[in-house]
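Counting convention: from 1, in listed order, for ligands and their atoms alike. Numbers here are sequence positions counted from 1. All heavy atoms count here, side chains included; hydrogens, waters and symmetry mates do not.
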Amino acid sequence: MKIVAADVIVSSPDRNFVTLKITTDEGITGLGDGTLNGRELSVASYLADHVVPLLVGRDPHRIEDTWQFLYRSAYWRRGPVTMAAIAAVDVALWDIKAKAAGMPLYQLLGGASRTGIMAYGHASGRDIPELFDSIRRHLDEGFKSIRVQTSVPGIDSVYGVAAQPSADGKRYDYEPAQRTPLPVEEDWDTRAYLRHLPTVFEAVRNEFGPELPLLHDGHHRMTPIQAAKLGKALEPYDLFWLEDCTPAENQEALRLVRQHTTTPLAIGEVFNTVWDYQTLIREQLIDYVRSAVTHTGGITAMRKLLDFAAQYQIKSGIHGPTDISPVGMAAALHLDLAIHNFGIQEYMRHGPLTDEVFRQSFTFTDGYLHPGEQPGLGVELDEEAAARFPYQPAYLPFNRLQDGTVHDW
Ligand code: EZ4
Ligand code: CO
């Protein structure tokens with residue numbers, strides 16, 4: 001088999017997505033996701049201008065060789081743009097290989113290690129009644145694990161909190177990327193947050209009982225000692241994990257946090273290679289790996305990263321917000337089903353327009369996801385529908401403290 005074409009499709013149904021479609025001389029096509037929220041066109045250019053010319057004529061079955069070739073021949077290694085582009089190619093090649101084999105991709109990764117994939121949903125509210133309402137709606141939808149984010153008194157707009165219910169009044173979906181010409185400015189006060197958050201988890205435990213797995217995302221906003229203090233303060237509420245408690249660049253920060261708390265720690269949604277985890281995994285400073293297949297070089301690289309983590313009893317918690325396209329989500333689900341050290345999968349439903357562009361065969365039943373039994377990834381791209389939704393500039397917000405200092409968002 002030979003690759004005869006590779007096309008980069010940028011589409012913006014409910015939000016921007018970068019999709020790579022690889023076509024072979026045998027008529028089999030494969031899809032890969034290269035979406036990098038707020039910086040989409042850089043990956044589209046990396047692919048179209050620099051990678052597509054290298055793919056035409058190659059044997060699509062040589063996945064490992066193609067991965068190593070794209071990684072090493074670039075000379076300039078790592079980084080979110082490069083690794084998202086490599087991921088798009090890698091996942092598209094796995095899709096082709098599995099379609100050629102006539103099997104769902106998870107079969108090629110070793111077959112199913114479980115019957116379903118435990119997913120967590122995102123509940124949020126500006127106050128306790130709204131938060132409880134959002135948690136109840138997630139429980140009604142079948143979710144068995146729930147991430148909890150709330151407003152903080154004195155702060156106008158906080159990461160993870162939907163400002164209002166969706167148009168149909170049924171969902172409190174939070175979407176950080178805004179289709180505005182400039183990034184939206186949010187405000188932040190870590191001390192106010194640290195005072196408030198334990199009271200929220202106390203209220204949630206009192207209302208929903210001790211069993212429900214609860215998660216929280218700190219979104220890189222704390223110093224190591226602040227994160228240690230929060231982890232300790234949340235211990236009575238038995239969190240499933242505290243995510244991204246400190247800025248991502250400093251792996252040693254987690255030593256300090258770990259010394260002070262037994263609250264499980266998850267990190268890595270902004271990481272893009274195994275090297276970002278070297279200290280974290282070797283020293284057992286985390287409990288869950290948060291990388292996205294889409295941002296970490298695809299299935300080939302994620303498999304190696306998660307196998308490394310498995311040697312230290314560290315589990316997967318693959319990133320799955322709406323800025324991962326249904327293609328990237330399907331790739332995550334096949335991997336989740338196959339690996340032994342699966343932990344949990346993040347799942348935020350895409351909007352209805354996204355479902356028009358991407359026809360998906362994965363299912364969500366009674367709190368568990370499954371990638372389905374279609375050969376390959378099980379996702380088809382409707383290119384005519386995609387063309388109806390051209391790219392729209394959108395930015396993630398940023399934070400300033402009260403005195404105007406830019407803070408981690
Ligand atoms: O803010 O993917 O855990 N999930 C998250 C996400 C990220 C977005 C950024 O594009 O932190 O909501
Ligand atoms: Co996160």
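- Salt bridge annotation for Arg290-Asp244: absent, with no cationic side-chain nitrogen under 4.0 angstrom from a carboxylate oxygen.
- Panel note: side chain His350, backbone Asp14; no donor-acceptor pair is recorded below 3.5 Å.
- Using a cutoff of 4.0 Å between basic side-chain nitrogens and carboxylate oxygens, Glu356 and Arg388 are scored as salt-bridged.
- Residue pairs that meet the side-chain hydrogen bond (donor to acceptor under 3.5 Å, both in side chains) test with at least one member in residues 198-215, sequence neighbours left out, are Arg136-Glu207.
- Around the Co ion (ligand 2), protein atoms of type N, O or S found under 2.8 Å number 3.
- Sorted by first then second residue, the side-chain hydrogen bond (donor to acceptor under 3.5 Å, both in side chains) pairs that include residues 367-378, not counting sequence neighbours, are Tyr106-Glu373.
- Annotation: salt bridge (Lys or Arg N to Asp or Glu O under 4.0 Å) contacts involving residues 310-326, sequence neighbours excluded, are absent.
- Regarding atom 12 (O) of ligand 1, its nearest protein heavy-atom neighbour is Tyr159 OH, 2.7 Å.
- The distance criterion of under 3.5 Å between nitrogen or oxygen atoms is met by Arg290 with respect to ligand 1.
- In summary, the aromatic rings of Tyr288 and Trp241 are positioned with their centroids under 6.0 Å apart.
- No N or O atom of His122 sits closer than 3.5 Å to an N or O atom of ligand 1.
- Summary of contacts: the protein heavy atom closest to atom 8 (C) of ligand 1 is Asp323 OD1, 3.5 Å.
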